[in-house]
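Below is one structure, written out as structure tokens; the observations come after it.
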Amino acid sequence: MADLFKGYKGEALEVLKRFNVRVWSDTHVKTTRGDFTGIILPRAENDDDRHIILKLANGYNVGVATDTITDMKEYGYKEAHYKIPEKEFPISEDMPNIKLFGTGGTIASRLDYRTGAVIPAFSPGELYGAVPELADICNLTTEKLFAVFSENMGPEQYKTLAIAIGEEIKKGKDGIVIGHGTDTMHHTASALAFMVQNPPVPIVLVGSQRSSDRPSSDAALNLIHATKAAAESDIAEVMVCMFGSTSDEYGLLHRGTRVRKMHSSYRSTFRTIGDVPLAMVDRQKITPLGQDYNRRRRDRNVDIHPYFERRIALVYYYPDMHPDIIDSLVDNGYRGIVIAGTGLGHVNKPVYPAIERATSKGVAIYMTVQTLWGYTHMFVYDTGRDLMAKGVIPAANMLPEVAYVKLGWALGQTNDLDKVKDIMLTPICGETTDREPYNGYLILQGGIPEVEEFLRKIHK
Ligand code: ASP
């Protein structure tokens with residue numbers, strides 16, 4: 001019986017039972033605020049017990065408050081299909097072999113068109129069923145490593161992924177794709193860039209901003225672009241592949257250490273910061289936008305460095321930040337702090353003594369800039385010089401999140417702060433650059449008419 005009322009409890013369950021209405025039934029609902037017609041959707045474990053969720057004919061879901069319901073009548077019933085029809089992924093001798101790792105996020109699921117229920121889509125057969133074009137690009141095998149939204153990714157997952165990627169490359173794969181939630185994809189990308197060094201094949205992270213039940217979903221096209229990049233691109237680096245422009249014209253490949261999610265809802269949310277993207281990709285071709293990248297090789301040698309010290313913190317400075325923020329990190333045993341400072345790399349004077357105390361206790365402190373574009377320049381103002389005298393080390397133009405990840409990775413390998421400094425200040429995969437392009441701040445970042453025009457010219 002319980003299955004008929006999937007997820008409903010308390011008052012909401014009572015109402016469904018009273019009117020003899022099941023989950024997945026087409027139902028007319030009369031309420032004191034008007035009448036609704038739709039499909040009763042299941043509820044999640046943590047949802048409240050005072051609403052019945054209806055999927056309306058226009059595709060929207062509404063929550064109907066139980067205390068407004070005066071009558072409910074079921075007039076049809078069709079249980080959702082939780083499984084996408086599996087088709088066997090065709091294997092062809094002359095196609096590149098690609099491995100897709102799933103970690104979760106929106107890309108890992110698709111919504112049932114009729115009901116709005118989330119369906120996991122992860123075997124190659126299911127993916128082939130959902131995105132048949134993938135079979136024209138490669139032989140695809142998949143493995144679900146995690147099924148989490150990306151705020152739940154962290155050092156343990158980075159290490160597991162790095163090791164799994166190393167094994168697949170050594171087994172002979174021609175490229176790796178990683179399905180990932182978009183929110184923290186840039187953290188994972190930089191962690192993998194440090195942990196998987198000198199890869200002979202592309203390693204491409206991909207996600208989607210809009211779930212695939214929406215007409216504007218970017219899931220299928222991002223997956224096609226990412227798989228094409230993994231299978232055919234000459235760029236053997238850790239990259240993020242997501243929509244380039246606001247329309248679905250092309251995707252961009254961003255270097256894993258120079259990329260950032262910059263918009264909470266746009267599909268073209270990922271931007272390369274402090275540089276231009278590595279390449280453009282569409283269904284036909286991959287167009288590199290520069291020459292400076294690690295090339296694909298025939299060998300399958302790769303160096304895996306799965307280290308991470310978790311007692312590190314990223315502190316975003318704000319005016320009037322109190323020194324006890326730093327003190328409490330030190331008192332709690334944190335070994336490293338990355339500060340995202342104002343302007344060229346500053347914090348207020350009251351924080352100085354706390355910083356001095358931290359560095360004198362052997363806590364590594366690195367400075368980055370909140371502006372994201374540009375470098376820390378701590379020689380310009382005496383305040384910057386003071387901070388350096390207190391042991392703060394400027395981290396050039398490393399993005400704050402990347403410096404945080406790199407510091408965790410460096411402290412995971414050694415306690416010797418000179419060695420940590422060496423690791424932090426020696427670029428490994430583009431995380432710091434000698435200069436930022438004079439026009440990179442605007443060019444190839446989409447969104448303004450001249451830029452779109454420029455891209456259309458390159459993109460013939
Ligand atoms: N919150 C989701 C995540 O980052 C969003 C997405 O998948 O795009 O996992």
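Each ligand, and each atom within it, is numbered from 1 in the order the structure gives. Since the structure is predicted, the reported quantities are computational estimates derived from the model, not experimental observations. Both backbone and side-chain heavy atoms feed into the values below; hydrogens, waters and symmetry mates do not.
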Near Ser208, which atoms of ligand 1 are under 4.0 Å from a heavy atom of that residue? 6 (C), 8 (O)
Atom 6 (C) of ligand 1 sits nearest the protein heavy atom Thr106 OG1, 3.2 Å
Does Phe101 reach the side chain of Ile176, with side-chain heavy atoms less than 4.5 Å apart? yes
Proximal atoms of ligand 1 relative to Gly181 (non-hydrogen, under 4.0 Å): 3 (C), 4 (O), 6 (C), 7 (O), 9 (O)
Taking the inter-plane angle between the rings of Phe308 and Tyr158 on a 0 to 90° scale, is it parallel (under 30°), tilted (30 to 60°) or perpendicular (over 60°)? perpendicular
Contact between ligand 1 and Gly104 is defined here as a heavy atom of the residue under 4.0 Å from a ligand atom; is it met? no
Please confirm whether Lys261 comes within less than 3.5 Å of ligand 1 when only nitrogen or oxygen atoms on both sides are compared. no
Whether the Asn198 and Arg297 side chains hold a donor-acceptor pair (N or O, under 3.5 Å, no angle test) is what I'd like checked. yes
Should Lys159 and Glu156 count as an ion pair when the cut-off is N to O under 4.0 Å? yes
Separation of Ser268 OG from Glu249 CD (nearest 0.5 Å): 11.5 Å
Tell me: protein heavy atom nearest atom 5 (C) of ligand 1, and distance? Asp183 OD1, 3.6 Å
In ligand 1, which numbered atoms sit nearer than 4.0 Å to a non-hydrogen atom of Gly105? 7 (O), 9 (O)
Is there any salt bridge (Lys or Arg N to Asp or Glu O under 4.0 Å) pair reaching into residues 174-189, and which pairs are they, with sequence neighbours excluded? Asp174-Arg300, Asp183-Lys261
Among all protein heavy atoms, pick the one closest to atom 9 (O) of ligand 1 and tell me residue, atom and distance. Ser150 N, 2.7 Å
Determine whether a donor-acceptor pair (N or O, by modelled atom type, separation under 3.5 Å) exists between the side chain of Ser150 and the backbone of Thr184. yes
for atom 8 (O) of ligand 1, nearest protein heavy atom and its distance come out as Thr182 OG1, 2.5 Å
